[in-house]
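Working notes, beginning with the structure itself.
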Amino acid sequence: MKKDLHPKAVPCKIIYQGQVVMETLSTRPEIHVDVWSGSHPFWTGEERFVDTEGRVEKFSKRFGDSYRKRG
């Protein structure tokens with residue numbers, strides 16, 4: 001095996017919104033994240049409503065029945 005091939009792993013703090021949420025090993029001492037499992041809707045069980053209301057009506061208003069007609 002080659003010597004000094006891999007980078008050195010140092011203790012690392014994962015920071016979310018100014019708070020340390022996790023400690024691990026990495027090549028960097030700090031990593032700032034926008035999303036982590038404690039805030040992601042899939043892991044927290046929160047449902048977030050995505051505004052899709054009116055899409056069908058908007059499509060129908062724009063195209064009418066023309067998308068069904070065959071030339």
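Here, residue 1 is the first one in the sequence, and each next residue gets the next number.
In terms of heavy-atom proximity, Y16 sits nearest to V21 at CB-CG1, 3.9 Å. The minimum heavy-atom distance between I31 and S26, with the atom names listed, is CD1-OG, 4.0 Å.
Rounding to the nearest 0.5 Å gives a distance of 10.5 Å between CD of E23 and CD of E30. Atoms NE2 and NZ, from H32 and K13 in turn, are 10.5 Å apart once rounded to the nearest 0.5 Å.
Applying the under-4.5 Å side-chain rule to Ile, Leu, Val, Met, Phe, Trp and Tyr, the cluster around L25 consists of that residue alone.
Proximity of T27 to V10: side-chain heavy atoms (C-beta onward) are nowhere separated by under 4.5 Å.
Hydrophobic clustering (side-chain heavy atoms under 4.5 Å, transitive across Ile, Leu, Val, Met, Phe, Trp, Tyr) keeps M22 apart from I15.
H6 NE2: 12 or fewer foreign heavy atoms inside a 6.0 Å radius.
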